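Each chain gets a letter, A, B and so on, in the order the sequences are listed, and its residues count up from 1. Here the structure is a predicted model, which means the values were calculated and not measured.
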Amino acid sequence: MRGRMGVLHLRINGDDVEVAAPSHWTLLEVLRYRLGLTGSKQGCDKGDCGACTVLLDGKPVLSCLTLACTVEGRAVTTIEGLLPAHVAGGGQGADPVQDAFDRCGALQCGFCQSGMMLSARALLDRNPNPSDEEVRAALAGNLCRCTGYTQIYQAVELAIAEATGKRPKPRSWESTEPRGSS
Amino acid sequence: MLRLPKFEVATPSSVGEAIALLAEAGPSALVVAGGTDLLPNLKHELATPELVVSLAGIRELVGIRVDAGGALAIGAMTTLAEVAASELVRTRAPALAQAASLVAGPQLRTMGTLGGNVLLDTRCQWINQSYFWRSALGFCLKKDGTKCHVVEGGKKCVAAASNDTAPALMTLGATLELEGATGRRSQPLDDFWVADGIYNKKLAHAELLTEVRVPPTAAGHRGAYGKLRERNSIDFPLLGVAVRLDVDAAERIQAVDIVVTALAAQPKRLARVAELLFGLPARGAEFERALEAVAATAAKQCNPLPHIPGDHEWRKAMVPVWVRRTLRAAAERGGPVHED
């Protein structure tokens, strides 16, 4: 492809998408301003904060530093795709990572959250039973300015515990009961 | 919100095609590999190309192999995450694997490439800023201005070489395989650099780095990389120390090399290190004494400038600390060295 404008063929959250965009647009701009997928956040917009994290062929990348036309034909997962993928796979409700973030109160303003959850999802897809250190390393590229990270790590720990059948460490302030259970 | 300036993008699928595109377009064309260095710089309008040639679709530039001569050959578009995780690299070139593992954060290592890191643009706190920020200061030597804000009256740009993998590759005696419109050449990395922060490398326009070659390492090869940075999760180096330490079967030091980066426009090889360590055992009291002597000479030879974040006097005080730690890590087959 060559030119100031082009038609891209992307696979976004399992759907084949054809979208026209200027060549100098980033993947983040295409997601937000062409496709209306505003769950990927425009934070620092220069690769520091991780708020724009999406999964490219299952790996977390920064969509603010990815030229959209260089990912032609590749599979992109945004935060909007987690729940449908979970349901399509036979699950109920939100993705377990999203559910755990909700139950652990792992957010305040929520701006970093979509990137955090996608980094966590990619880690658990690669390694269902990571160590605390691996969790921290996997989330190192996602900055949160509100929470101090503790509840974010606890949420990932809870998601791991439930997926592996381990008992999560009890926390005095949180409910480890799944949503909707009595 | 930081918008990219307008440009066209070409996505060639072979090295030859990419070189032809660059040669035809002239200096208004730039190359993008992983995009993690170029795109922020373009958003800051450090360059305003008419054409950006992406190497993302060139499969021949990806991969890690051992060539017929026993050298480790790493394609320029191999990602830093792949380099850091490669068993071949970890065993044959531990300093390189460690340096790659400490570049930026996880997403950036998944995107960023070895070639891109070796060719990383120099950095300075007066240049890596938005156009508006820079314009308020009347710009600087590196781009659009005539004044250096680091060295008063300075006529030569001193922006810092900030590529973690380059010093590690220098200790390993690496060679860059370059390909341009006039053919191919092998460029030893040691002689690749120029002491000019504006453009610190001997790489012509329309010349592409295709492969990095690391010659075979000895059985007793040891290496480590140490990196001082503001936040361990993401930042560029405030100081980077690469160490090579080869020992014989009796654990006596046969070769040693230390290269320090983030001081000036090019990585700096420490002098008089081999004579302090050659023939000594790689552990014990004698080694520890020599370690202090090496740390002391490193402190004398390294003079960080106030060009990147972090107080430069503190960075200077950290030179002997990080040289000592990284050398010890190499001797103990440990590393990478970083703050917790």
S.K.: Given that the side chain runs from C-beta out, which part of B:Val53 has a heavy atom under 4.5 Å from chain A: side chain, backbone, both or neither?
M.R.: neither
S.K.: Identify whether the distance between the nearest side-chain nitrogen and carboxylate oxygen of B:Glu45 and B:Arg134 falls below 4.0 Å.
M.R.: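 No, B:Glu45 and B:Arg134 are not salt-bridged.
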S.K.: Using a strict 4.0 Å threshold on nitrogen-to-oxygen distance, state whether B:Glu339 and B:Arg325 make a salt bridge.
M.R.: yes
S.K.: At a heavy-atom separation under 4.5 Å, does A:Ala122 approach chain B through its side chain, its backbone, both, or neither?
M.R.: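 Interface part for A:Ala122: neither.
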S.K.: Does any heavy atom of chain B fall under 4.5 Å from the side chain of A:Ser119, the backbone, both, or neither of them?
M.R.: side chain
S.K.: Taking heavy atoms only and a threshold strictly under 4.5 Å, list by residue number the residues of residues 122-133 of chain B that touch chain A; give 'none' if the list is empty.
M.R.: none
S.K.: Which bit of A:Cys44 comes within less than 4.5 Å of chain B, counting heavy atoms only: side chain, backbone, both or neither?
M.R.: backbone
S.K.: Would you call A:Arg11 and A:Asp15 a salt bridge, taking side-chain N to carboxylate O under 4.0 Å as the test?
M.R.: no
S.K.: Taking side chain as everything from C-beta outward and backbone as N, CA, C, O, which of these in B:Arg109 sits under 4.5 Å from a heavy atom of chain A? Side chain, backbone, both or neither.
M.R.: neither
S.K.: Grab the two heavy atoms, one from B:Pro5 and one from B:Ala47, that are nearest each other, plus how far apart they are.
M.R.: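 What the structure gives for the nearest pair is CG-O, 4.2 Å.
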S.K.: What part of B:Lys6 gets closer than 4.5 Å to chain A, counting heavy atoms only: side chain, backbone, both or neither?
M.R.: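 Both backbone and side chain.
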S.K.: Could you check which of B:Thr110, B:Asn41, B:Val52 has the highest count of heavy-atom pairs closer than 4.5 Å to chain A?
M.R.: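 Looking at each of B:Thr110, B:Asn41, B:Val52 in turn, B:Thr110 comes out on top.
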S.K.: Against chain B, label A:Pro60 side chain, backbone, both or neither, depending on which of its atoms sit under 4.5 Å from a heavy atom there.
M.R.: both
S.K.: Charged N to carboxylate O under 4.0 angstrom, A:Glu162 versus A:Arg103?
M.R.: yes
S.K.: Between B:Lys142 (side chain only) and B:Ala159 (backbone N and O only), is there a donor and an acceptor less than 3.5 Å apart?
M.R.: no
S.K.: Would the distance check show the side chain of A:Asp57 and the main-chain N or O of A:Ala75 forming a donor-acceptor pair, the cut-off being under 3.5 Å?
M.R.: yes
S.K.: Evaluate the criterion side chain to side chain contact (heavy atoms under 4.5 Å, CB included) for residue pair B:Asp164 and B:Tyr225; output intermediate values, then yes/no.
M.R.: CA-CA 9 Å; B:Asp164 294 295; B:Tyr225 186 72; 2.6 Å; yes
S.K.: Report which part of B:Ile234 has an atom under 4.5 Å of a heavy atom belonging to chain A: side chain, backbone, both, or neither.
M.R.: side chain
S.K.: Can you tell me how far apart CG (A:Leu62) and CG (B:Leu108) are? Round to the nearest 0.5 Å.
M.R.: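 It is 5.0 Å, given to the nearest 0.5 Å.
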S.K.: Against chain B, label A:Leu56 side chain, backbone, both or neither, depending on which of its atoms sit under 4.5 Å from a heavy atom there.
M.R.: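 When you check distances to chain B, no heavy atom of A:Leu56 falls under 4.5 Å.
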S.K.: Considering only NZ, NE, NH1 and NH2 on the basic side and carboxylate oxygens on the acidic side, decide whether B:Asp311 and B:Arg315 come within less than 4.0 Å.
M.R.: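 Here B:Asp311 does not pair with B:Arg315 in a salt bridge, since their nearest N and O are not under 4.0 Å apart.
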S.K.: Check whether any side-chain N or O of B:Asp37 sits under 3.5 Å from a backbone N or O of B:Leu120 as a donor-acceptor pair, and report yes or no.
M.R.: no
